[in-house]
Protein chains: 2
Amino acid sequence: MPSDTIRAALIRRLRVSSAITDEDIKEIEALPISVRQYPAEMAVVRDGERATDCCLIVDGFCARSKTIASGKRQILSLHIPGEIPDLMSLFLHVMDHDLSTLTPATLGFISHDNLQKLHRRSPEVAEMFWRDTLTDAAMFREWIVNVGQRPAPARLAHVMIELRERLRLIGRLDGDSFEMPLTQEQIGEALGITAVHANRVIKQVRQDGIVEFNRGRVTVLDERKFQELADFDGRYLHQSPTL
Amino acid sequence: MPSDTIRAALIRRLRVSSAITDEDIKEIEALPISVRQYPAEMAVVRDGERATDCCLIVDGFCARSKTIASGKRQILSLHIPGEIPDLMSLFLHVMDHDLSTLTPATLGFISHDNLQKLHRRSPEVAEMFWRDTLTDAAMFREWIVNVGQRPAPARLAHVMIELRERLRLIGRLDGDSFEMPLTQEQIGEALGITAVHANRVIKQVRQDGIVEFNRGRVTVLDERKFQELADFDGRYLHQSPTL
DNA sequence: CCGCGTCCTTAACTTTTGTTGGAACCGGGA
DNA sequence: TCCCGGTTCCAACAAAAGTTAAGGACGCGG
């Protein structure tokens, strides 16, 4: 895969939330990235591990999660191409959660050393990455609200719309449908419900003619009802060069 | 209140997670801070507002929260003296949640301008603050797990222990008891349950002789059972100068 | 083309949590 | 002191979600 393709998604995404200069782009393009292929359902970094690189998703989907003593797993976030899900490991060296692939994925690894150097050299780029980790935190806040306060069908719709809005930015929408490559088990883990209940909820929204979910693909049937159900306000995504 | 008292808690806390130098301390001590008194239950910054300052808690307790369309409120985090709960506003200017006091509080406001200047001048201090927002995010991740996966009594115990471990750092423990100035309504909002159920759960842990909760104060009755119930692993607090 | 495993689906039943409404308690202000 | 508003506490009932178990669909590899 050509080097510019690898970096393209990242730069496109940074451009959305920060005013990125040509100079910054050059800095980022100079970053050495080592690319590796991963199968689906594979751990990239594990809770407790000490990371030495950050992981850029070139292609495929990833998720972050934590597993508690009882064995239950909670999915914390979904990640799509162009994102660096473990940017936080740059300064929080020991991981407090897992990062793993959902689908087969192409991942690019950037060493902490090089990122640190870049950070020292250019406060602007540092600021950009910092902002990136801040929107990450903003998404966690909304995820807390989702799991803590919304009824299960709304939770489902909300996660779907969040993913859709992010996919939109990288041009990955396909009309009124988009990829969401999770099993019902994993949807349950994302919403804080069991797989059985996830199935019930999916059945419900399907019967209500709101949204169809099939083999990792979401198809919106009634946009109005979908929005209404999700109670979605995308401000927390901070998708504009905020002054 | 003397200026060093105002900054003392902040510096103490930063010292915990970063290797702070004397030079850095001087930088921070030079920061102009304007102090204001707030009553209990008062909004400091509101969702949607554009912040121009960050807020250092000098004394008192604060909480961050989001309110959804249905009117339900979710508490996202609790904050104690020495913390800067809205540091994120430095780069995410428009707030995506509320910050408000729980108790009467003394708050110190530091302008974004001055923080930005400091950030440009000293990458070390910038890194320290960045790390601060990263542990903030780590706490959100654990909060997601708490609300998403643990049974209600464990949620309660977990939030209590997290608060205790943080209070410990600033020397605010009082034997086997500590302050947690929330009403049962607010505890419900923190745990993602109703106030009625919060009451049930408190009653339960009280009857089990695990922990007593009374007028904003937690008293641990059986430390072993308490720990076991909470399923607490403090690694996510990143409370040590991680290399 | 068959067999196997994963995922989806559903039913019946249990447990947890929400809802409603009301009583008791408590502290602060008139 | 007494009253008032906000808590705390509780019970009865309703709804949501968890558990267990089992059949069916589907894709993959032999």
Side-chain angles (χ1 to χ4, degrees), chain A residues 39-42 61 63 68 70-75 101-104 146-159 179-208 211-219 229, chain B residues 39-42 63 68 70-75 100-104 146-157 179-208 211-219 229:
Chain A
E41 293 297 317
M42 168 114 296
F61 286 73
I68 65 176
S70 71
K72 291 187 179 185
R73 196 170 86 120
Q74 174 69 46
I75 289 180
T101 60
L102 288 167
T103 63
N146 203 42
V147 167
Q149 297 300 337
R150 280 191 263 261
R155 290 185 209 180
L156 176 63
H158 196 280
V159 167
E179 267 186 277
M180 178 160 152
L182 304 189
T183 64
Q184 294 190 356
E185 175 77 41
Q186 292 165 334
I187 288 183
E189 291 171 343
L191 306 185
I193 59 180
T194 59
V196 173
H197 196 53
N199 180 270
R200 278 197 278 253
V201 171
I202 290 167
K203 183 184 173 186
Q204 186 61 52
V205 294
R206 182 181 292 146
Q207 282 176 351
D208 292 348
V211 60
E212 177 56 287
F213 176 75
N214 227 308
R215 257 175 282 128
R217 175 159 285 272
V218 176
T219 307
L229 177 60
Chain B
E41 292 297 316
M42 168 114 295
I68 65 175
S70 70
K72 292 188 180 185
R73 195 170 87 119
Q74 173 69 46
I75 290 181
S100 42
T101 60
L102 288 167
T103 62
N146 203 42
V147 167
Q149 297 299 338
R150 280 190 264 261
R155 290 185 210 180
L156 176 63
E179 269 187 276
M180 178 160 152
L182 304 188
T183 64
Q184 294 190 358
E185 174 77 42
Q186 291 165 334
I187 288 184
E189 290 172 344
L191 306 185
I193 60 180
T194 58
V196 174
H197 195 54
N199 181 270
R200 278 197 279 253
V201 170
I202 290 167
K203 182 184 173 187
Q204 185 61 52
V205 294
R206 181 181 292 147
Q207 282 177 349
D208 292 349
V211 60
E212 177 55 289
F213 177 75
N214 227 308
R215 258 175 282 128
R217 175 160 286 272
V218 177
T219 307
L229 177 60

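Chain letters run A, B, ... following the sequence lines, proteins first, then strands; residues in each count from 1. Predicted model, so just to flag it, every value in this text is computed and none were measured.
- Taking both residues in full, the closest heavy atoms of A:Val218 and A:Phe213 are given as CG2-CD1, 3.8 Å, listed atom of the first, atom of the second, then distance.
- A donor-acceptor pair under 3.5 Å is absent between the side-chain atoms of B:Arg150 and the main chain of B:Arg155, judged by distance alone.
- For the pair B:Arg150 CZ and C:dT16 C1', the computed distance is 18 Å after rounding to whole Å.
- Closest heavy-atom contact between B:Met42 and B:Pro39: CB-O, 3.6 Å.
- Computed from coordinates, the B:Lys72 NZ to D:dA16 P distance equals 10 Å when rounded to whole Å.
- Counting heavy atoms from C-beta outward, B:Glu185 and B:Glu189 have side chains that approach closer than 4.5 Å.
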Next on the checklist: Show, in sequence, the C-alpha distance, side-chain angles and deciding distance for A:Asn214 and A:Thr219, and conclude whether the side chain to side chain contact (heavy atoms under 4.5 Å, CB included) test is met.
Outcome noted: CA-CA 8 Å; A:Asn214 227 308; A:Thr219 307; over 6 Å; no
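- The nearest whole Å value for the distance from the NE2 atom in A:His197 to the P atom in C:dT17 is 13 Å.
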With 3.5 Å as the limit, what N/O pairs link the protein to nucleotides 8-12 of chain C?
| from | atom 1 | to | atom 2 | distance (Å) |
| --- | --- | --- | --- | --- |
| C:dC8 | OP2 | A:Gln184 | N | 2.8 |
| C:dT9 | OP1 | A:Arg206 | NH1 | 3.4 |
| C:dT9 | OP2 | A:Gln184 | NE2 | 2.5 |
| C:dT9 | OP2 | A:Asn199 | ND2 | 3.2 |

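- Atom P of nucleotide D:dA16 and atom CG of A:Leu156 are separated by 16 Å, given to the nearest angstrom.
- The distance from atom CD1 of B:Ile187 to atom C1' of D:dT8 is 11 Å, rounded to the nearest whole Å.
- Contacts of A:Gly188 with the nucleic acid, taken as non-hydrogen atoms under 4.0 Å apart, are absent.
- What separates CD of A:Gln149 from P of D:dA17 is a distance of 13 Å, to the nearest Å.
- Between B:Ile68 and B:Gln74 the shortest side-chain heavy-atom distance does not fall below 4.5 Å.
- The interatomic distance linking A:Ile193 (CD1) with C:dG18 (P) rounds to 15 Å, in whole Å.
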